[in-house]
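First up is the structure itself, then whatever we jot down about it.
Scope of the values below: all heavy atoms of this structure, side chains included, with no hydrogens, waters or symmetry mates. Order of the sequence lines fixes the chain letters, A, B, ..., with proteins taken first and strands second; residue numbering starts at 1 for each chain.
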There are 2 protein chains.
Amino acid sequence: MTDMQACDATKADLAATETGELLLQNQVCFSLYSAANAIVRAYRPVLDAIDLTYPQYLAMLVLWANDGINVKDMGTQLHLDSGTLTPLLKRLETKGLLDRRRGANDERVREIWLTQAGKKLKEQARDIPNTMFCKSELPLEELIALKATCDKLLSKIT
Amino acid sequence: MTDMQACDATKADLAATETGELLLQNQVCFSLYSAANAIVRAYRPVLDAIDLTYPQYLAMLVLWANDGINVKDMGTQLHLDSGTLTPLLKRLETKGLLDRRRGANDERVREIWLTQAGKKLKEQARDIPNTMFCKSELPLEELIALKATCDKLLSKIT
DNA sequence: TGCAACTATATTGTGTGCAATTTAATTGTG
DNA sequence: CACAATTAAATTGCACACAATATAGTTGCA
């Protein structure tokens with residue numbers, strides 16, 4: 001009743017042939033993909049004020065809550081790997097927001113530490129969540145439900 | 001009661017200071033962004049079988065329903081611009097799936113026409129929507145609600 | 001009709017995402 | 001203790017997204 005309920009062959013065949021599953025209009029994933037792109041676009045003017053991209057802002061969120069975290073643990077939180085994070089963190093280092101230090105015990109590990117400028121930026125970011133909330137113009141309950149479904153979907157397909 | 005309900009200053013201040021809005025765990029947008037990335041990853045092994053990326057697959061969906069569409073109209077449907085679509089369509093042309101013809105009436109317009117191989121690929125893609133539906137392991141109703149909220153969000157922030 | 005405004009596409013440059021591979025350091029095991 | 005297996009980052013290569021700009025081609029209107 002839970003796992004396979006969605007994969008009943010008869011249901012699936014009916015859906016594919018009669019409701020046009022190969023139409024863009026019927027693709028949940030496309031809606032999610034488009035909404036995610038739109039979110040990054042909507043953040044842009046807001047984040048321009050503090051000279052961050054959206055992924056850079058996410059990395060800063062992690063650091064503001066976990067100063068000194070290493071690349072692997074940041075990657076676990078952000079669902080991103082070193083191929084994405086290493087150059088991103090180098091750019092934030094160039095901006096003077098953080099330092100990338102080798103771990104004292106384990107030379108393989110790269111610890112990411114906020115600079116004073118990096119810590120200070122948190123104050124300027126204080127209003128961003130509410131600004132974006134207002135941009136969405138969606139009821140809080142609907143956003144909460146959206147987050148719950150996205151989190152569930154992520155855990156299922158990862 | 002509708003537009004500004006979310007932006008009440010007192011509510012917002014409370015939320016920011018007391019519930020930690022600058023925490024990754026409380027970011028709806030981050031969940032959406034991560035789920036969208038995960039979707040592209042989940043499509044990869046499925047689409048490898050027909051040698052398409054996820055954005056290329058979306059472009060093919062548009063073409064299978066609108067053969068001969070131009071770049072601008074495809075961009076409207078996909079919420080993507082020529083900066084993204086021109087190189088993507090060139091890659092699909094190189095694969096032999098489509099032709100890029102100049103419009104007969106208007107030389108500025110680029111019409112995209114499926115080749116025989118491009119049309120034939122639709123048969124091989126027939127099962128993909130259901131395969132992905134099964135991967136998600138989410139009830140149909142929840143996916144429908146997810147799509148509705150994403151579509152609403154997209155229209156609000158665009 | 002001339003030509004400025006507009007439109008469709010293409011190009012350039014920057015920053016992701018991510019698979020695959022490489023490099024260097026650490027750990028487990030005989 | 002040697003050394004294969006493992007691990008953390010970094011690197012490489014490719015394909016997006018998208019802002020900004022460039023290039024043609026078309027249209028409107030004085």
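In this structure, E123(B) pairs ionically with R126(B), as a charged nitrogen and a carboxylate oxygen lie closer than 4.0 Å. In this structure, D151(A) pairs ionically with K147(A), as a charged nitrogen and a carboxylate oxygen lie closer than 4.0 Å.
The shortest non-hydrogen separation linking E21(A) to N130(B) is OE1-N, 3.7 Å.
For the pair L47(A) CG and dT16(C) P, the computed distance is 11 Å after rounding to whole Å. When the P atom of dG17(C) is taken as reference, atom CD1 of I39(B) falls 15 Å away, rounded to whole Å. Put simply, CG on L89(B) is 10 Å from P on dT9(C), counting in whole angstrom units. Atom C1' of nucleotide dA10(D) and atom CD1 of I112(A) are separated by 12 Å, given to the nearest angstrom. Taking atom CG of D51(B) as the reference point, atom P of dC14(D) lies 14 Å away to the nearest angstrom. One can place CG of D48(A) at 13 Å from C1' of dG15(C), the figure rounded to the nearest angstrom. If you measure from atom CG of D81(A) to atom P of dA10(D), you get 12 Å, rounded to the nearest angstrom. The nearest whole Å value for the distance from the CD atom in Q56(A) to the P atom in dT14(C) is 14 Å.
Residue whose closest nucleotide on DNA chain C sits further toward the 5' end, between A104(A) and K95(A): K95(A). Residue D106(A) is the one, among Y54(B) and D106(A), whose nearest nucleotide of DNA chain D lies closer to the 5' end (criterion: closest heavy atom).
The side-chain heavy atoms of I157(B) and E137(A), taken from C-beta on, include no pair separated by under 4.5 Å. Contact annotation: the side chain of L58(A) never approaches that of Q56(A) to less than 4.5 Å [non-hydrogen atoms, C-beta and beyond].
Contacts of residues 66-78 of chain B with DNA chain D (heavy atom under 4.0 Å): none.
Residue R91(B) is in sugar-phosphate contact alone, with no base atom involved, counting any heavy-atom pair closer than 4.0 Å across all strands shown. Among the atoms of the strands shown, only primed sugar atoms or phosphate atoms (P, OP1, OP2) are found under 4.0 Å from some heavy atom of N105(A). Backbone-only contact: T53(B) has heavy atoms under 4.0 Å from sugar-phosphate atoms and none from a base. Across all strands, L88(B) comes closer than 4.0 Å only to sugar-phosphate atoms, never to a base (heavy-atom distances).
When distances run from any side-chain atom of R108(A) to the nucleotides dT6(D), dA10(D), dC18(C), the shortest one goes to dT6(D). Out of dA19(C), dG15(C), dA8(D), the shortest distance to the side chain of V109(A) is found at dA8(D). Comparing dA10(D), dT16(C), dA19(D) against the side chain of R41(A) picks out dA19(D) as the nearest. Listed nucleotides: dA10(D), dA17(D), dG25(D). Nearest to the side chain of E107(B): dG25(D). Candidate nucleotides dA10(D), dA10(C), dA19(D) were compared by shortest atom distance to the side chain of R102(A), and dA10(D) ranks first.
At distances below 3.5 Å, not a single donor-acceptor pair connects side-chain atoms of T149(A) with backbone N or O atoms of L146(B).
Below 30°, between 30° and 60°, or above 60°: for Y33(B) and Y54(A) the angle between ring planes is above 60°, a perpendicular geometry.
Side-chain N/O atoms of R110(A) include one lying less than 4.0 angstrom from OP1 or OP2 on dA10(D). Taking only side-chain nitrogens and oxygens, Y33(A) never comes nearer than 4.0 Å to OP1 or OP2 of dC16(D). Note on K90(B): a side-chain N or O is less than 4.0 Å away from OP1 or OP2 of dT11(C). Between dA10(D) and T86(A), a contact under 4.0 Å exists linking OP1 or OP2 to a side-chain N or O.
The CD atom of E111(B) lies 10.5 Å from the CZ atom of R102(B); values are rounded to the nearest 0.5 Å.
Donor-acceptor pairing under 3.5 Å, judged by distance alone, is absent between the side chain of S82(B) and the base of dA8(C).
Residue L89(B) is tested with L98(B), T84(B), L97(B) for a side-chain contact (heavy atoms from CB on, under 4.5 Å); the sole match is L98(B).
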